[in-house]
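Take a look at the structure below.
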2 protein chains.
Amino acid sequence: MSRPREFDVDRALHQSLEVFWTKGFKSTTFEDLTHATQVKKQSLYCVFKNKRDLFLKALALYREERIAFLEEMASREVSPLEKLEVICDYSQYQNKETCRGCFMANSAMEFGNDDQEVYHEVSLMFERVECILEKIIREGQEQGLVTNCQSSKELAAYLNNAISGARYMERAGASNEQINAVLHTSFTLMLAKNAR
Amino acid sequence: MSRPREFDVDRALHQSLEVFWTKGFKSTTFEDLTHATQVKKQSLYCVFKNKRDLFLKALALYREERIAFLEEMASREVSPLEKLEVICDYSQYQNKETCRGCFMANSAMEFGNDDQEVYHEVSLMFERVECILEKIIREGQEQGLVTNCQSSKELAAYLNNAISGARYMERAGASNEQINAVLHTSFTLMLAKNAR
DNA sequence: CTTTTTCTTGACTTGATAGTCAATAATAAC
DNA sequence: GTTATTATTGACTATCAAGTCAAGAAAAAG
């Protein structure tokens, strides 16, 4: 009955995510988005309420994709140590030459915690990631590979924090070697003595 | 010969720093600055070339003050462990109720590493902080208090990263307990076995 | 082929904000 | 007191970006 949409909404969302990730919310103009998506302004406005709405949807998409990756990783049939090693391997985070850090962390930094919706996304991500990490760490502890001096929960928060820091280093322009070194140290220190 | 300035430049700079720290560069309007400093627009423009110049000077001021604090701490006549404990004590970072994180980290996040001048400030800060941390850690290692499994340089980068992560958590709205727990875990894991 | 519906397009509006200008005020040197 | 110099002030300008509007285009249904 009606004229069908000519552009792929999901594709446009992914492209917008890339832009927001690289430039942040404030620095991204709507023109940047129309340019990246090759979709005209009004067409985007038809689907997404406004720039902020598009941003929030991109943020949620990012979270879902990250979590999906981590969950897939967690469910693999390999030793918990190997899982942690992959998670602590910086090269897995780094795509392209752009040092854009973690989109979620960048957004948390940009908005602070006074923006309810962004804050909600960030918390959600935090919780989910820590939960997955904790499960892997618990496995590692049960197998005597990870130190028992701290609880799995403490270590999960610890590791998550180390990764956040690393993403910050990335954003701040640190070299791959520096970042990898830090993650490796953080990883090593949480191992049981006999597993080092 | 001429009419003297009525406002204290240094005081205005400090006040501007507060605003930039809380809101970031982009989100701070010049009006915010005139309001915070109670100095009229043109008077600020007389002293500082523009908003960006004022921002960069605030950033440098922040770095100097942080470094001064850490250096004072490093030179105290207490055990290296005590020094590290103070540095890892989140309550020392936290002022007011505002969760504004580390101004340097926030700025690094906001600008990415494509802005040369901001990047320079951030790198400078990084290097200086790590250098101070390394010195304390080396002391700790010599006294058998800090693990020798990693070099002092590695551990300094590690600790700096953990602190960055913690400031990010702060910005992202984590509770004091959560932040303290993470820092405490990071601190504990770098201790020698007998010092735990 | 006509009608209906929704997409597309570019021009337009509105609002915010960085930075400028020119008139005025205040002070120190002479 | 006069003059020269610089600070102060508020109005002004220019720019840019988000969001709106209305006309036109395209497709599906009958």
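Worth saying up front: this structure is predicted, and the values here are computed from it rather than measured. Convention: sequence-line order gives letters A, B, ...; per-chain numbering from 1.
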In whole angstrom, give the distance that lies between atom [atom1] of [X] and atom [atom2] of [N].
X: A/Lys40; N: D/dG24; atom1: NZ; atom2: P; result: 18 Å
X: B/Phe55; N: C/dA18; atom1: CZ; atom2: C1'; result: 16 Å
X: A/Leu44; N: C/dG10; atom1: CG; atom2: C1'; result: 15 Å
X: A/Asp8; N: C/dC7; atom1: CG; atom2: C1'; result: 15 Å

Original post:
At what angle, to 10 degrees, do the two end axes of the helix from C/dC1-D/dG30 to C/dC30-D/dG1 meet, given five pairs define each axis?
Top reply: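 For the helix from C/dC1-D/dG30 to C/dC30-D/dG1, the axes at either end differ by 0°.
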
Only counting residues at least two apart or in another chain, list the ones meeting side-chain hydrogen bond (donor to acceptor under 3.5 Å, both in side chains) with [X].
X: B/Glu71; result: B/Arg128
X: B/Glu134; result: B/Arg138, B/Ser152
X: B/Ser79; result: none

Is it true that [X] and [Y] have a side-chain N and a carboxylate O under 4.0 angstrom from each other?
X: A/Glu121; Y: A/Arg63; answer: yes
X: A/Lys83; Y: A/Glu139; answer: yes
X: A/Lys153; Y: A/Glu130; answer: no

**OP:** Kindly say if B/Ser43 contacts the phosphate of D/dT8, meaning a side-chain N or O under 4.0 Å from OP1 or OP2.
**Re:** yes

Which donor-acceptor pairs under 3.5 Å do side chains of residues 45-52 of chain B form with protein atoms, sequence neighbours excluded?
unit_1	atom_1	unit_2	atom_2	d
B/Asn50	OD1	B/Arg52	N	3.3
B/Asn50	OD1	B/Asp53	N	2.9
B/Lys51	NZ	B/Phe25	O	3.1
B/Lys51	NZ	B/Thr28	O	2.7
B/Arg52	NH1	B/Asp115	OD2	2.8
B/Arg52	NH2	B/Asp115	OD1	2.9
B/Arg52	NH2	B/Asp115	OD2	3.2
B/Arg52	NH2	B/Glu117	OE1	3.0

Dump every N/O contact between nucleotides 13-23 of chain D and the protein below 3.5 Å, one line per pair.
unit_1	atom_1	unit_2	atom_2	d
D/dA18	OP1	A/Thr28	O	3.3
D/dA18	OP1	A/Phe30	N	3.4
D/dA18	OP1	A/Lys51	NZ	3.0
D/dA18	OP2	A/Phe30	N	2.7
D/dG19	OP2	A/Tyr45	OH	3.2
D/dG19	OP2	A/Lys51	N	3.2
D/dG19	N7	A/Lys41	NZ	3.1
D/dG19	O6	A/Lys41	NZ	2.8
D/dC21	N4	A/Gln42	OE1	3.0

**OP:** Could you check whether the rings of A/Phe103 and A/Phe20 sit parallel, tilted or perpendicular, using 30° and 60° as the cut-offs?
**Re:** parallel

